[in-house]
Amino acid sequence: MATEDLSFALPSPAHPMASPGYGKRGTPDQGPLRRDSFAHLPLRARYLAGFIDALPEHAAIDAKTLAKAQPLYGQAAVRSALNELSAAGHLRRVRRLRDLGTGNGTTRWVFHTYWSRIARGDDWWARFLDGDVPELEQEAPERPRTRSDAYHRLAQLGLREPRLTLSAADCATLEAAAAEWLAREPDPQVFTRAMTTGLPAVVHSPRAFLAGRLRDKLPPQRIPVTRTQAPAPRTLMECTDCGRPGRAEALPGGLCRGCRGSG
């Protein structure tokens, strides 16, 4: 089958959605679909990649559902194609520990299947699943005159207390000191109270006054407590083929050792 025949794999509008926690989930920075997006894949995996890519978020993409939803391949062939897509870097299955929000610390495992139109390496998947989303394509252009949170906190003091109204130049001068303050105590309400309470009747120079407060009321540095035991992982990758859970580094290509060997 030629690349052009991928159009035969377009899903129907009635394709079933997965149960909550399952199904297709997209990844960032995928870029637009191109005619050669999946040209590097074997024929069967190429066909299935075009089919999965056209599905909406949370659509069911287990082997049984995919086998019923398209006319060319049965369950065994679909399962093998999913393994090929995993090994090529397009797909990962994971389970995550979630707090049920009951207030008593009850948790349960939820399952996700992540899809990427761009083939990703094992390092990228490991960082993504740990919450570190890499910048791949290009950074968004910075908006002009963008200022830090510290700058805006300083500028808003005058709305709370007119005696502390600052100019743009004043805010820029105090920005670094305020940023250090907020790095130690990020709660904006604590910052505002520390700057605005107990003011003298007249503040002749708001900038000089706040410079003194930023220095004199600077919170102490808090040294994080060292854990004696590493916490249990809250995200585990699953083998695309057999579903065996494990750390990302133990499942290169999204496959466990047994399933890689059997391929």
Side-chain angles (χ1 to χ4, degrees), residues 11 15-30 38 40-42 44-70 73-100 106-134 136 230-263:
H15 187 94
M17 304 302 285
S19 301
Y22 294 79
K24 174 185 173 183
R25 295 172 70 93
T27 54
D29 300 326
Q30 296 202 57
F38 307 118
H40 58 286
L41 294 168
R44 178 176 54 192
R46 191 188 319 161
Y47 178 90
L48 198 63
F51 187 89
I52 293 175
D53 192 77
L55 291 172
E57 287 281 292
H58 308 298
I61 54 174
D62 58 282
K64 183 176 181 180
T65 301
L66 290 173
K68 289 182 177 180
Q70 47 75 43
Y73 301 111
Q75 277 193 55
V78 167
R79 188 174 294 110
S80 296
L82 289 174
N83 291 345
E84 292 170 344
L85 291 173
S86 180
H90 290 283
L91 180 146
R92 288 292 187 274
R93 287 181 173 158
V94 303
R95 58 178 69 179
R96 283 202 166 99
L97 198 60
R98 289 284 190 244
D99 188 340
L100 295 183
T106 305
T107 59
R108 70 179 176 91
W109 289 102
V110 295
F111 301 83
H112 303 311
T113 303
Y114 287 98
W115 170 257
S116 173
R117 185 177 298 137
I118 298 175
R120 316 284 194 177
D122 290 328
D123 290 343
W124 188 96
W125 280 111
R127 286 181 288 156
F128 170 70
L129 296 176
D130 281 341
D132 176 16
V133 181
L136 273 192
R234 298 184 67 86
T235 299
L236 291 174
M237 191 179 292
E238 281 192 352
C239 175
T240 300
D241 193 9
C242 71
R244 178 179 298 173
R247 299 290 291 174
E249 59 269 18
L251 298 170
L255 299 171
C256 68
R257 180 181 299 179
C259 292
R260 291 198 307 274
S262 64

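Numbers for residues simply follow the sequence, beginning at 1. Remember, it's a predicted structure, so these values are computed and weren't measured experimentally. For the numbers below, each heavy atom of this structure counts, side chains included, while hydrogens, waters and symmetry mates do not.
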Which heavy atom of [X] sits nearest a heavy atom of [Y], and at what distance?
{"X": "Leu85", "Y": "Ala49", "answer": "CD2-CB, 3.8 Å"}
{"X": "Arg44", "Y": "Ala77", "answer": "CD-O, 3.5 Å"}
{"X": "Ala67", "Y": "Gly74", "answer": "CB-C, 3.7 Å"}
{"X": "Leu48", "Y": "Ala81", "answer": "CD2-CB, 3.7 Å"}
{"X": "Tyr114", "Y": "Gly26", "answer": "CD2-O, 4.0 Å"}
{"X": "Gln70", "Y": "Val78", "answer": "NE2-CG2, 3.7 Å"}

4.5 Å side-chain heavy-atom contact, [X] and [Y]:
{"X": "Phe128", "Y": "Pro28", "answer": "yes"}
{"X": "Trp124", "Y": "Thr27", "answer": "yes"}
{"X": "His15", "Y": "Thr65", "answer": "yes"}

Let me confirm one number: the [atom1]-[atom2] distance from [X] to [Y], rounded to the nearest 0.5 Å.
{"X": "Arg79", "Y": "Cys259", "atom1": "CZ", "atom2": "SG", "value": "10.0 Å"}
{"X": "Arg95", "Y": "His112", "atom1": "CZ", "atom2": "NE2", "value": "12.0 Å"}
{"X": "Met17", "Y": "Leu55", "atom1": "CE", "atom2": "CG", "value": "8.5 Å"}

* Trace of the side-chain contact (heavy atoms from CB on, under 4.5 Å) decision for Ile52 with Leu66 -> CA-CA 9 Å; Ile52 293 175; Leu66 290 173; 4.1 Å; yes
* Asked: How are the rings of Phe38 and Trp115 set relative to one another: parallel (under 30°), tilted (30 to 60°) or perpendicular (over 60°)?
  -> tilted
* To do: Using a cut-off of 6.0 Å, state whether more than 12 heavy atoms not belonging to Arg244 lie near its atom CZ.
  => no
* Asked: For Arg117, which residues count as a salt bridge (charged side-chain N to carboxylate O under 4.0 Å, His left out) partner, sequence neighbours excluded?
  -> Asp53
* Structure fact -> Taken in chain and number order and not counting sequence neighbours, the residues that satisfy side chain to side chain contact (heavy atoms under 4.5 Å, CB included) with Asp122 are Arg92, Pro252
* Asked: His58 and Arg25: side-chain contact (heavy atoms from CB on, under 4.5 Å), yes or no, with the steps?
  -> CA-CA 6 Å; His58 308 298; Arg25 295 172 70 93; 3.9 Å; yes
* Does Ala60 offer a backbone N or O that forms a donor-acceptor pair with the side chain of Lys24 under 3.5 Å? -> no
* To do: Using modelled atom types only, decide if a donor and an acceptor are shared between the side chain of Glu84 and the backbone of Ala87 within a distance under 3.5 Å.
  => no
* In this structure, which one of Leu82, Thr240, Ile61 forms a side-chain contact (heavy atoms from CB on, under 4.5 Å) with Thr113? -> Ile61
* Asked: Could you go step by step and tell me if Asp241 and Arg260 meet the side-chain contact (heavy atoms from CB on, under 4.5 Å) rule?
  -> CA-CA 9 Å; Asp241 193 9; Arg260 291 198 307 274; over 6 Å; no
* Would Ser86 and Asn83 count as having a side-chain donor-acceptor pair, cut-off 3.5 Å? -> no
